[in-house]
Protein chains: 2
Amino acid sequence: MSEKHQLTLKDIARELGLAVSTVSRALKSHPDISKETIKLVKDYAEKHHYVPNLLAVNFRKSKTFNIGLIIPELVHQFFSSIISGVIKEANQHGYNVMICQSNEHVDDEKKVAQALLNSRVDGVIISLSNETDEVSHLKEFIAADIPVVQVDKISDLFDTPKVIVNDFAGAYQAVSHFIKSGYRKIAHIRGRLNVQHSNERFRGYAEAIKHEGLSYSEDYIKVCDQLTEEEGYEFAEQLMSLPGPPDAIFCVTDLVALGVMKYLREKNIQVPNQVGVIGFSNWKLGEIISPTLSTVHQPGYELGEKATELLLDKIVNGMDSPNQTVVLNADLIVRESVKNSPAVDGHY
Amino acid sequence: MSEKHQLTLKDIARELGLAVSTVSRALKSHPDISKETIKLVKDYAEKHHYVPNLLAVNFRKSKTFNIGLIIPELVHQFFSSIISGVIKEANQHGYNVMICQSNEHVDDEKKVAQALLNSRVDGVIISLSNETDEVSHLKEFIAADIPVVQVDKISDLFDTPKVIVNDFAGAYQAVSHFIKSGYRKIAHIRGRLNVQHSNERFRGYAEAIKHEGLSYSEDYIKVCDQLTEEEGYEFAEQLMSLPGPPDAIFCVTDLVALGVMKYLREKNIQVPNQVGVIGFSNWKLGEIISPTLSTVHQPGYELGEKATELLLDKIVNGMDSPNQTVVLNADLIVRESVKNSPAVDGHY
DNA sequence: GTGAAAGCGCTAACAG
DNA sequence: CTGTTAGCGCTTTCAC
């Protein structure tokens, strides 16, 4: 294998009988440099495959061109969509992404935050762990002049740009669709009371029902703790055993909806004719089961893109710009688990 | 906000009346330095939260402490498991991971390879795209003295350390299990003829059947092109319409198996009693459908860990060590889609 | 227009 | 044991 001493500015300068600084400026088409010299240098660089030593450039500029991304877990369709959006947007602007997992634990979150701080990332995007209820470890970034953007799972205690999904509108849309399709007794299996997502989805559910002049009984609201299929199954059983069982169930997430569908199938309750089901998140598996699951799509990829856009803006233009909160739409995807009444067809 | 000029070695040297080099060496407990000085310096550094400037260190050492990871797609359970393993192992040794997607296109693969080359990563882990049939773009890494490790989707044209899954043994295990459970007419929906995975799984199928003194007819072998649920459904229909339909179907991947199960459910063919089904990959959704799907687990996380281990070895110890190929086991996970004959219980 | 020189923070040979 | 010195490759004043 040949000697692979990488070509440096010095080499080019020597060969061309120029000064290093001239070569450096020529390569960036500095106005001071004559057209001829620029051409000369650029041609030489191209011909000999000059590649700037990023290590040196970054050192000189005190920039790593790395941004940190802290998410609860990597192996998860929603989060990997976010990651994908972040990477694409970051790479497009010459930045790398350092991915860290908190595993939904605040201790891990603190550890990786410290690591990112030490490795001098240029900025950080974070989606908070479920356990996180104070943000001192994140404020250290701000203290070190490193911008932060929060995405999806955010905290009001921390003033940064934020990108979130409109859970309220998504839920509202789902429940309205139930009503337009002829369902009247709509139950909701919701998530924990202290989680913002769950509260917003619940609010969307309640508002949609109210807006249509309907009402729901407290019996129709069930609270999931772990958001598992088993809980869905369990709560479906409870709901369907009520004296007046619901004719539609809106679930806080797809996995819970699958548990519900499993129960209904076992009891030979027809979906969507006897009971309609809508989930939330648009997991791949909703397309695969039968009947296919109607759900509310969360635009993970776009969340990642947008968050990165906001972060790069802060990195490039400084921390002083105002901290906006961007809200992306969560849209209903209608599949077989909701019946298709004529009243609805008219609308779409 | 206070001035946040980061503390440097120079600062410490000045404060302590020492030379910069002494401070540098003290911080790494160099044997030449006296215990007292070491303690003095370390205490000071600790007290004032000295953090080495990685940019400078890396520049000096010509090391980025970045490794590149090229995978076909991020939003995919198997690949995100690999990523997760790579990140964990890399971080543990002070390396970052730059993730790039080829989107299963060789053109994208070439582009990201070039980008990684330019950004001077210390090493690369790659899982080839389906389209990749020549590896000149990867050999450039070797020419630049950057070690490469291949994982899962590999090429024989490129001599590097490799980490793969024992597809043959996994398939063999699955089909043997069918036979031990009392199934005799076992079909196989396989993948493309030019894909190594598919061929190995087919070989495992064929060998297991042969070993048990059985045989299969060519009618029982179907070739999937896209590995979709639809193809599974389609081929299940074809298989079950044969004059002598199979009593078990081994599928090249879980998604195909789900298509098969969908067909069987619709035709009211009982799984597992009339027909047994086994998939491959251990996707999350196999646990959720009913009956739950037996499948062969591919250890993605472990693949990622092992590949990183091999890569770091090359990075640290140089490129000259021999290129080993590590084969990890793919183990059968028995769930409800295979009947539980007494003959089997005895074995496990 | 171009060149000379300084310096980013750190490491490592070399010298005492 | 510790200090001096040089230098990694690049950018950026400041001269000419």
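Residue numbers start from 1 in every chain, and the chains themselves are labelled A, B, ... in the order their sequence lines are given, proteins ahead of strands. The analysis underlying the following values was restricted to heavy atoms, covering all of them including side chains, and did not include hydrogens, waters or symmetry mates.
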Measure from [atom1] on [X] to [atom2] on [N] and round the result to the nearest Å.
X	N	atom1	atom2	result
A:Asn58	D:dT11	CG	P	10 Å
B:Arg120	D:dC8	CZ	P	14 Å
B:Glu36	D:dC1	CD	P	8 Å
A:His30	D:dT12	NE2	P	10 Å
B:Asp11	C:dC8	CG	P	10 Å
A:Asp32	D:dT13	CG	P	12 Å
A:Leu54	D:dC8	CG	C1'	15 Å
A:Ile33	D:dT11	CD1	P	13 Å

Walk me through it: do B:Asn323 and B:Lys314 pass the test side chain to side chain donor-acceptor pair (under 3.5 Å)?
-> CA-CA 9 Å; B:Asn323 290 332; B:Lys314 286 264 174 188; 2.7 Å; yes

Worked check of side chain to side chain donor-acceptor pair (under 3.5 Å) between A:Lys88 and A:Thr308 = CA-CA 9 Å; A:Lys88 174 240 147 199; A:Thr308 310; over 6 Å; no

Closest non-hydrogen atom pair, [X] against [Y]:
X	Y	answer
A:Gln6	A:Asp11	O-OD2, 3.8 Å
B:Ile99	A:Ile99	CD1-CD1, 3.2 Å
B:Ala26	B:Lys42	O-CE, 3.7 Å
A:Tyr95	A:Asn91	O-OD1, 2.9 Å

For B:Ser62 and for B:Ser34, find the nucleotide of DNA chain D with the closest heavy atom, then tell me which residue's nucleotide is more 5'.
->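 First, find each residue's nearest nucleotide; the 5'-ward one identifies B:Ser34.
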
Report the end-to-end axis angle of the helix from C:dG1-D:dC16 to C:dG16-D:dC1; each axis comes from five terminal pairs, and the value is rounded to 10°.
->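 Rounded to the nearest 10 degrees, the bend comes out at 40°.
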
Under 4.0 angstrom, heavy atoms only, what part of the nucleic acid is B:Thr37 near: base, sugar-phosphate, or nothing?
-> sugar-phosphate

Scan B:Leu18 against the nucleic acid and name what it touches under 4.0 Å (heavy atoms): base, sugar-phosphate only, or nothing.
->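 B:Leu18: backbone/sugar contact only, no base atoms under 4.0 Å.
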
Check each of B:Leu128, B:Val148, B:Val124 against B:Leu138 using the side chain to side chain contact (heavy atoms under 4.5 Å, CB included) test, and report the only one that passes.
->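 Only one of B:Leu128, B:Val148, B:Val124 forms a side chain to side chain contact (heavy atoms under 4.5 Å, CB included) with B:Leu138, namely B:Leu128.
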
Does atom CD of B:Gln196 have more than 12 heavy-atom neighbours, drawn from other residues, nucleotides or ligands, at distances under 6.0 Å?
->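 Counting other residues, nucleotides and ligands, CD of B:Gln196 stays at 12 neighbours or fewer.
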
Side chain to side chain donor-acceptor pair (under 3.5 Å) between B:Glu131 and B:Ser129: does it pass, once the steps are laid out?
-> CA-CA 5 Å; B:Glu131 286 180 8; B:Ser129 88; 5.2 Å; no

Assign a letter to each nucleotide of nucleotides 9-16 of chain C from its 5' end: B, base within under 4.0 Å of a protein heavy atom; S, sugar-phosphate only; -, no contact.
-> BBBBBB--

